[in-house]
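A short worksheet on the structure shown next.
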Amino acid sequence: MSRLTHVTAGPYAPPAARRELVATSADGSRLHVEVHGEDGAPAVVLAHGWTCSTAFWAAQIRALAPGHRVIAYDQRGHGRSPAGSGCTTTALADDLVAVLGATLAPGEKAVVVGHSMGGMTVMAAAARPEFAEHVVAALLCSTGSGRLVAEARVLPWRAGRARTRATGAVLGARVPLGPVTPVARKVLKYATMGPGSAPDKVEACARIVHACPTRVRHAWSQVLAGLDLDAKLAALTVPTAVIGGKSDRLTPIVHARGLAAALPNCVGLTELTGMGHMTPIEAPEAVTAAVRELAELYLSPHHRPAKEKTP
C-alpha cells in the first residue's frame, strides 16, 4: 500500500518492537505479532478494533513497555496480517487464542485488552480453554456485544429503522476512503472522536483507519452489523473493567453500561466525558492507567484467584 499507514513522529508514532513473530490461527491464517518490553515482565495482550492496527496502541505500548511485556497483534486483514479465509467472531476468537499460545508459556497469565472489535474478540474467546489458561483479567474499551448499528449515532437522525438502514449502508460502504485530507479528517473526527480531540490525535487515527483495505473494512462491517455476543458474556468470568467515551457515536455509552451490568465479574466502569470511540488515542493516560491497575492487581506474584483457598 502506497499511502502512509501511521504517523511517524510524536506520542502516537509506533515504537519499534523488540521482537516480531507470526502466529498461525486455526484455519491457517497468519497473524503479525509484536512483543515490546522484557521477557519475564507481567504480560499484557492488546487487540485492536475494526479498521485499525498495532499502531493504534502506540501510546499504551510506549507507557507500559518499561515494566511490562506488551504483546500487540494485527487482526486478520488489518495492518500486516493477511485477510485469511473468513471473517467471523469465531475467527476472531481463534486468532486471539493463537496469539496467546504463540507468546505465552503454558499456564502463563496475561491481562487482555480489547478496543471495539478487539473487545468483541475478547467476548467471543471467553469460553475457550486457552483463554482460561492464559487470561487473568480483561479491559474492554469502547465496545459492545450487539445492536451496534441500531444504537450507533454517526447519523444525526432520530433512532428507528430508517437510521439503522442508513447507518448500516454508511459503515458498510465499499467506497475507498482515499487519502487523508482536511475533509476526511473532519468526517473521521465527527464519526469516531470527541469534539475536543486535538489535531495530532485526529491525524493519528485518520492515518490508521484510511490504511485499512476497502474490502477488509466492508467484510468486517458485515460481521459487526449482525453481531450478537450477549450469550458469550456469561463466560467472561475473569475480573473485567469497562471504559467508554460519553461522546462515542459508534458505540454509545449505553453499550459500556450494558456490559458493566451483564458481566459476571465487572470490576469497574469508567465513563470518559468528552471522549469518543477512539479512547486509547483520545484518552491514553486513562486507558493506560486502567491496564496498569489490572496488571498490578491480578498479575502480582502475591495475587491468588478468588477460587483458590489459602492453606
Side-chain angles (χ1 to χ4, degrees), residues 1 3-17 20 31-37 44-65 68 70-81 92 95-96 99 111-122 138-144 177 180 184-185 188-189 191-194 197-213 216-217 220-221 224 243-245 248-251 272 275-292:
M1 180 173 294
R3 74 177 76 126
L4 183 62
T5 60
H6 55 74
V7 296
T8 57
Y12 303 108
E20 297 183 357
L31 305 164
H32 169 74
V33 184
E34 300 175 3
V35 181
H36 303 258
V44 174
V45 178
L46 306 175
H48 69 73
W50 177 52
T51 74
C52 294
S53 68
T54 57
F56 190 77
W57 297 108
Q60 284 70 45
I61 292 170
R62 186 171 283 106
L64 291 168
H68 303 78
V70 185
I71 299 157
Y73 71 100
D74 284 324
Q75 301 269 22
R76 60 174 61 199
H78 296 72
R80 286 186 273 176
S81 293
L92 292 176
D95 295 351
L96 175 57
V99 171
V111 171
V112 174
V113 184
H115 170 260
S116 191
M117 192 173 80
M120 299 159 201
T121 301
V122 173
L139 175 64
L140 303 179
C141 301
S142 308
T143 191
L177 295 182
V180 177
R185 293 186 194 96
L188 179 131
K189 180 180 178 180
T192 69
M193 305 181 77
S197 296
D200 64 331
K201 298 181 178 184
V202 177
E203 183 71 20
C205 287
R207 291 291 175 190
I208 294 168
V209 170
H210 278 242
C212 183
V216 172
R217 174 166 49 83
W220 283 109
S221 75
L224 301 182
I243 286 181
D248 189 341
R249 299 180 190 274
L250 274 180
T251 53
L272 299 172
M275 301 300 166
H277 186 67
M278 304 302 211
T279 45
I281 288 180
E282 292 181 78
E285 296 87 359
V287 172
T288 299
V291 179
R292 195 186 303 276

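Please read these numbers as outputs of a predicted model, since none were measured by experiment. Residue indices begin at 1 and follow the sequence shown.
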Exercise. Of all residues at least two apart in sequence or in a different chain, which pass the ring pair (Phe, Tyr, Trp, His ring centres under 6.0 Å) check with His36?
Worked result: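 By the ring pair (Phe, Tyr, Trp, His ring centres under 6.0 Å) rule, His36 matches no residue at all.
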Problem set entry | Contacts of Tyr73 that satisfy ring pair (Phe, Tyr, Trp, His ring centres under 6.0 Å) - sequence neighbours left out |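 Expected list: none.
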Is it true that [Y] and [X] share a donor-acceptor pair across their side chains at a distance under 3.5 Å?
| X | Y | value |
| --- | --- | --- |
| Thr251 | His277 | yes |
| Thr121 | Gln75 | yes |
| Thr279 | Ser142 | yes |

Is a side-chain donor or acceptor of [X] paired with a backbone partner of [Y] at a separation under 3.5 angstrom?
| X | Y | value |
| --- | --- | --- |
| Arg62 | Pro11 | yes |
| Trp50 | Arg217 | yes |
| Tyr12 | Ile281 | yes |
| Ser197 | Met193 | no |

So which atom in [X] and which in [Y] form the shortest heavy-atom distance, rounded to 0.1 Å?
| X | Y | result |
| --- | --- | --- |
| His48 | Thr54 | CD2-N, 3.9 Å |
| Val113 | Cys141 | CG1-SG, 4.3 Å |
| Met117 | Leu224 | CG-CD2, 4.0 Å |
| Leu272 | Ala283 | CD1-CB, 3.8 Å |

For this session: Test side chain to side chain contact (heavy atoms under 4.5 Å, CB included) on Ser53 and Thr5 and set out the steps.
Result: CA-CA 9 Å; Ser53 68; Thr5 60; over 6 Å; no
To the nearest 0.5 Å, what is the distance between [atom1] on [X] and [atom2] on [Y]?
| X | Y | atom1 | atom2 | answer |
| --- | --- | --- | --- | --- |
| Gln60 | Arg292 | CD | CZ | 10.5 Å |
| Met120 | Trp220 | CE | CH2 | 11.0 Å |
| Leu46 | Leu139 | CG | CG | 9.5 Å |

Can you confirm whether [X] sits close enough to [Y] that some side-chain heavy atom of one is under 4.5 Å from a side-chain heavy atom of the other?
| X | Y | result |
| --- | --- | --- |
| Asp74 | Leu31 | no |
| Cys205 | Glu282 | no |
| Ser116 | Leu250 | no |
| Val291 | Thr288 | no |
| Asp248 | Met275 | no |
| Pro14 | Ile61 | no |

Exercise. Among Thr51, Ile208, Val209, which residue meets the side chain to side chain contact (heavy atoms under 4.5 Å, CB included) test with Phe56?
Worked result: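 Going through Thr51, Ile208, Val209 one by one, the side chain to side chain contact (heavy atoms under 4.5 Å, CB included) with Phe56 is satisfied by Ile208 alone.
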Exercise. So which of Leu140, Leu92, Thr143, Val45 actually passes side chain to side chain contact (heavy atoms under 4.5 Å, CB included) with Val122?
Worked result: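 Output: one option passes, namely Leu140.
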For this session: Test Cys52 against His78 for side chain to side chain contact (heavy atoms under 4.5 Å, CB included), laying out the working first.
Result: CA-CA 7 Å; Cys52 294; His78 296 72; 5.6 Å; no
For this session: Just do the side chain to side chain contact (heavy atoms under 4.5 Å, CB included) check on Val7 and Glu203 with the steps written out, would you?
Result: CA-CA 8 Å; Val7 296; Glu203 183 71 20; 3.9 Å; yes
Problem set entry | Lys/Arg N to Asp/Glu carboxylate O, Arg80 vs Glu34, below 4.0 Å |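 Glu34 and Arg80: salt-bridged.
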